[in-house]
Amino acid sequence: MPDRSFLAWPFFEDRHRAHAERLEAWCTAKLPVDHHDVDAACRKLVAALGRDGWLMPTAVDPAAPGPLDVRMLCLTRETLARHDGLSDFAFAMQGLGTGAISLFGSPEQQRWLEKTRRGEAISAFALSEPRSGSDVANMDMTATRDGGDYVLTGEKTWISNGGIADVYTVFARTGEAPGARGISCFLVPAGTPSLTVAERLEVIAPHPLARLSFDGVRVPASAMIGKPGDGFRIAMSVLDVFRSTVGAAALGFARRALDESLSRANSRELFGKPLFDLQMVQGHLAEMALDVDASALLVYRAAWTKDSGAARVTREAAMAKLFATDRAQAVIDAAVQLHGGDGVRKGHIVESLYREIRALRIYEGASDVQKVVIARQVMGGLAE
Ligand SMILES: Cc1cc2nc3c(=O)[nH]c(=O)nc-3n(C[C@H](O)[C@H](O)[C@H](O)COP(=O)(O)OP(=O)(O)OC[C@H]3O[C@@H](n4cnc5c(N)ncnc54)[C@H](O)[C@@H]3O)c2cc1C
């Protein structure tokens, strides 16, 4: 039984605790699904999560728009990740893919949210390009005004849900100013002519991922989310909400690795005694538990701060993501070690966690980038 004591922390309200308990029961009954065909599995997961109401926190309710509940997002990601990485992915992308629409979309654009929250449409976030991953402001893709339309030309890569999404939020250079201040954000339905999947990308923890080609994709000017030149600010605002949730997913993976290790240490006999009796093993388990609790404190501190009305949580979210993802990698590595040969056996849960965790230290701002962000934030604090 996973440790649930953190739910008593003052970061949460009773509705969060009730949500976590109900979701735990749902996950136990419904997960994991068959992953052999990841496209089919993701479609199935989005439909199931939507049908049973779990996607509601991913976007604002268009009928009554209010702030996103970041604690709810984090609790959901942590719980799903502990049970099944692909279900966490399916949930997370419904939020990231529509974040710009939730935060800055017009009422007409927000009609998409009715579908994405019910699991009837799949969304994707298209920011990265072959030349600009970490260096987002250096993007090449252009959106050129042509009468009442914009024409999008260029490539996006590493796009999660690329190929299965129904709607993309796409960032492109509109040129109001050089660099970050000349980028805008667009809502592009998947069926728009000249938007094609150039390549499907395979990664160590498979999920739908693609390089997309925009070969003169024409969208009406009303497809712009926010104002011309606001795209970079919109992307950063979306990441400000969702970055802590990446830490939450890492926390879920780490918690699972710890639980599996505790059970292994209890059941495996070595030298005539349970593995747990070896003090070095106890040392590993203690460090793992410490990392899990410290990560949880940082993740839920960031989520609570945002939910308490902070305009930005740049420092808190960067700390939560950096610490939780890096330490989850260490926790999972220790779990593999404690499982001996079984730890690297294909199909074993700790082997899949070992593959699942790695990309979280790269996307939505690599660990090194988070360090730069934190350093600037603390230096800024000194200057105030
Ligand atoms: C599985 C997966 C899913 C993804 N999904 C999406 C998606 O849905 N939408 C989307 O738009 N993008 C997505 N991405 C892209 C992701 O955001 C980029 O891979 C990431 O931003 C890094 O960019 P890059 O790969 O171009 O690496 P680079 O920018 O070339 O960076 C390489 C490395 O350089 C180092 N580095 C970079 N900047 C600094 C710095 N300032 N200081 C010190 N070191 C630094 C880091 O170690 C970094 O990992 C996804 C990526 C992966 C792997």
Side-chain angles (χ1 to χ4, degrees), residues 39 42-43 46 59 93-94 96-113 115-116 120-133 135-201 208-236 238-239 363:
D39 287 6
C42 278
R43 287 195 178 99
V46 170
M93 286 314 304
Q94 291 300 94
L96 186 66
T98 58
I101 308 174
S102 277
L103 300 180
F104 299 95
S106 64
E108 185 59 30
Q109 291 165 342
Q110 289 197 342
R111 296 199 60 192
W112 271 99
L113 306 179
K115 286 187 167 189
T116 59
E120 292 164 4
I122 295 179
S123 70
F125 178 77
L127 180 66
S128 304
E129 297 184 6
R131 253 176 27 90
S132 63
D135 189 7
V136 176
N138 196 25
M139 71 171 57
D140 291 315
M141 186 157 155
T142 55
T144 311
R145 187 78 194 233
D146 182 22
D149 298 337
Y150 278 94
V151 179
L152 278 61
T153 306
E155 274 195 344
K156 292 288 170 187
T157 194
W158 302 116
I159 306 310
S160 297
N161 278 342
I164 69 162
D166 298 292
V167 61
Y168 295 90
T169 46
V170 181
F171 297 83
R173 183 164 298 289
T174 35
E176 291 72 21
R181 283 176 295 119
I183 293 169
S184 301
C185 178
F186 296 89
L187 187 159
V188 184
T192 310
S194 307
L195 164 55
T196 53
V197 173
E199 183 186 7
R200 288 297 297 260
L201 307 172
L209 198 64
R211 180 164 60 86
L212 303 174
S213 167
F214 292 72
D215 188 11
V217 173
R218 186 173 285 273
V219 291
S222 60
M224 185 181 282
I225 300 173
K227 296 196 194 72
D230 269 359
F232 186 82
R233 187 174 68 86
I234 291 175
M236 293 307 119
V238 171
L239 293 175
Y363 62 60

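The analysis underlying the following values was restricted to heavy atoms, covering all of them including side chains, and did not include hydrogens, waters or symmetry mates. Along the sequence shown, residues are numbered consecutively beginning with 1.
The shortest distance between side-chain heavy atoms of Cys42 and Ile164 falls below 4.5 Å. You'll find the side chain of Val170 reaches within 4.5 Å of the side chain of Met141, heavy atoms only. Taking 4.5 Å as the limit, every side-chain heavy atom of Val217 sits out of range of all side-chain heavy atoms of Phe186. Phe214 is not listed as a side-chain neighbour of Thr153, based on a closest heavy-atom distance of 4.5 Å or more. Counting heavy atoms from C-beta on, the side chains of Met93 and Ile122 never come closer than 4.5 Å. Using a 4.5 Å cut-off on side-chain heavy atoms (C-beta onward), Leu212 and Val197 make contact. For the pair Gln109/Met224, no side-chain contact is recorded, criterion being any heavy-atom separation below 4.5 Å from C-beta on.
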Practice task
For side chain to side chain contact (heavy atoms under 4.5 Å, CB included), just list the numbers for Leu239 and Leu96, CA-CA rounded to whole Å, side-chain angles, deciding distance to a tenth of an Å, and then say yes or no.
Solution key: CA-CA 8 Å; Leu239 293 175; Leu96 186 66; 4.2 Å; yes
Practice task
Kindly determine whether Phe171 and Phe232 satisfy ring pair (Phe, Tyr, Trp, His ring centres under 6.0 Å), including the steps that lead there.
Solution key: CA-CA 8 Å; Phe171 297 83; Phe232 186 82; 9.2 Å; no
Practice task
Might you work through the side chain to side chain contact (heavy atoms under 4.5 Å, CB included) test for Glu155 and Arg131, ending with a clear yes or no?
Solution key: CA-CA 10 Å; Glu155 274 195 344; Arg131 253 176 27 90; over 6 Å; no
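Across every non-hydrogen atom of Gly226 and Ile234, the tightest pair is CA-CD1, 4.1 Å. Minimum heavy-atom separation, Ile159 to Ala124: CG2-CB, 4.1 Å. Residues Asp166 and Trp112 approach most closely at O-CH2, 3.8 Å, considering heavy atoms. Considering every non-hydrogen atom in both Ser123 and Thr116, the closest pair reads CB-CG2, 4.3 Å.
Shown here is Arg111, whose CZ atom has no more than 12 heavy atoms of other residues, nucleotides or ligands within 6.0 Å. The local environment of CG in Asp140 is crowded, with over 12 non-hydrogen atoms from other residues, nucleotides or ligands closer than 6.0 Å.
Residues Glu176 and Thr174 bring a donor and an acceptor atom of their side chains to less than 3.5 Å of each other.
Each side-chain hydrogen bond (donor to acceptor under 3.5 Å, both in side chains) pair with one or both residues in residues 186-201, not counting sequence neighbours, appears once here: Asp39-Arg200, Glu199-Arg211.
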